[in-house]
Colleague: 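Input: one structure, supplied below.
Position 1 is the first residue of the sequence, and the numbers go up from there.
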Amino acid sequence: MARNPETPQDRENKAIIKQRLNRLLLANHTTQAKLSDDTHIPRSTLTGYFKGTTTPNATNVAKLASFFGVNKGAIDPRYVQTGTTAVDLADDQPAVQYQGQPLSS
């Protein structure tokens with residue numbers, strides 16, 4: 001089965017992930033070996049992330065984020081949320097409207 005060709009965005013994501021992981025490793029005074037041992041991500045897999053040759057899958061992004069105590073978007077730009085709006089459900093104002101009018105409950 002053939003792989004999809006790598007896009008410029010894929011290359012940019014790899015470079016960003018590489019940079020962020022290397023900074024996190026240095027900031028936390030740890031090693032790739034310790035990271036591998038604690039996350040159970042094989043060292044060879046981590047090497048690809050740190051060299052910028054591969055991108056982590058969703059499971060490994062979550063493991064890395066947990067290890068470093070950051071959100072997934074701090075490691076992988078594919079997980080950065082943009083344009084989200086929080087709704088305060090305790091607010092007395094109806095959260096859902098249609099044509100500017102609140103929907104009845």
Side-chain angles (χ1 to χ4, degrees):
M1 177 182 260
R3 290 186 175 194
N4 293 331
E6 185 175 69
T7 66
Q9 186 65 55
D10 293 333
R11 287 189 291 276
E12 184 178 339
N13 287 342
K14 287 178 185 178
I16 291 168
I17 293 166
K18 168 187 172 179
Q19 180 183 47
R20 290 177 178 179
L21 284 176
N22 280 297
R23 284 184 181 169
L24 285 166
L25 201 70
L26 287 172
N28 286 275
H29 307 289
T30 192
T31 64
Q32 287 185 37
K34 171 111 172 90
L35 180 59
S36 175
D37 292 344
D38 289 0
T39 62
H40 305 288
I41 300 172
R43 291 179 188 191
S44 60
T45 301
L46 287 175
T47 297
Y49 305 158
F50 279 90
K51 285 186 172 184
T53 58
T54 59
T55 55
N57 61 31
T59 301
N60 286 350
V61 171
K63 288 179 181 180
L64 293 166
S66 177
F67 177 86
F68 288 117
V70 298
N71 65 44
K72 294 187 289 186
I75 293 172
D76 191 329
R78 298 173 295 176
Y79 292 92
V80 173
Q81 293 182 352
T82 58
T84 58
T85 304
V87 175
D88 183 359
L89 297 177
D91 192 354
D92 291 337
Q93 298 295 323
V96 180
Q97 298 182 359
Y98 176 72
Q99 294 182 344
Q101 299 299 317
L103 294 176
S104 60
S105 33

Colleague: Distance-only check: which donor-acceptor pairs under 3.5 Å involve side-chain atoms of residues 55-64, not counting sequence neighbours?
Modeller:
from: Asn57; atom 1: OD1; to: Thr59; atom 2: N; distance (Å): 3.2
from: Asn57; atom 1: OD1; to: Asn60; atom 2: N; distance (Å): 2.8
from: Asn60; atom 1: ND2; to: Tyr49; atom 2: OH; distance (Å): 2.9

Colleague: Output all residues satisfying salt bridge (Lys or Arg N to Asp or Glu O under 4.0 Å) with Asp10, sequence neighbours left out; order by chain, then residue number.
Modeller: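 Per chain and number, Asp10 pairs via salt bridge (Lys or Arg N to Asp or Glu O under 4.0 Å) with no residue.
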Colleague: How far apart are the closest heavy atoms of Pro42 and Ser36, and which atoms are they?
Modeller: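 Smallest heavy-atom distance, with atoms named: C-OG, 3.8 Å.
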Colleague: Tell me every residue that passes salt bridge (Lys or Arg N to Asp or Glu O under 4.0 Å) with Lys51, counting only those two or more places apart in sequence or in another chain.
Modeller: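 Once residues adjacent in sequence are excluded, Lys51 has no partner under the salt bridge (Lys or Arg N to Asp or Glu O under 4.0 Å) criterion.
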Colleague: Linking Ile, Leu, Val, Met, Phe, Trp and Tyr by side-chain heavy atoms under 4.5 Å, what else ends up with Leu26?
Modeller: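 Its cluster partners, ordered by chain and number, are none at all.
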Colleague: Taking Ile17 as the starting point, is it possible to reach Leu25 by hopping between hydrophobic residues whose side chains are less than 4.5 Å apart?
Modeller: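 Yes.
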Colleague: Rounded to the nearest 0.5 Å, what separation is found between the OG1 atom of Thr47 and the CD1 atom of Ile41?
Modeller: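 Between atom OG1 of Thr47 and atom CD1 of Ile41 there are 11.5 Å.
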Colleague: Using the side chain to side chain donor-acceptor pair (under 3.5 Å) rule, collect all pairs that involve residues 12-26, keeping only residues at least two apart or in two chains.
Modeller: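 For residues 12-26: Glu6-Lys14, Gln9-Asn13.
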Colleague: For residues 66-76, tabulate all N or O donor-acceptor pairs below 3.5 Å that involve a side-chain atom, not counting sequence neighbours.
Modeller:
from: Asn71; atom 1: OD1; to: Gly73; atom 2: N; distance (Å): 3.0
from: Asn71; atom 1: OD1; to: Ala74; atom 2: N; distance (Å): 2.8
from: Asp76; atom 1: OD1; to: Arg78; atom 2: N; distance (Å): 2.9
from: Asp76; atom 1: OD1; to: Arg78; atom 2: NE; distance (Å): 3.0
from: Asp76; atom 1: OD2; to: Arg78; atom 2: NE; distance (Å): 3.0
from: Asp76; atom 1: OD2; to: Arg78; atom 2: NH2; distance (Å): 2.5

Colleague: Taking the side chain as every heavy atom from C-beta outward, state whether Leu35 and Arg43 have any pair of such atoms under 4.5 Å apart.
Modeller: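 No, too far: nothing below the 4.5 Å cut-off.
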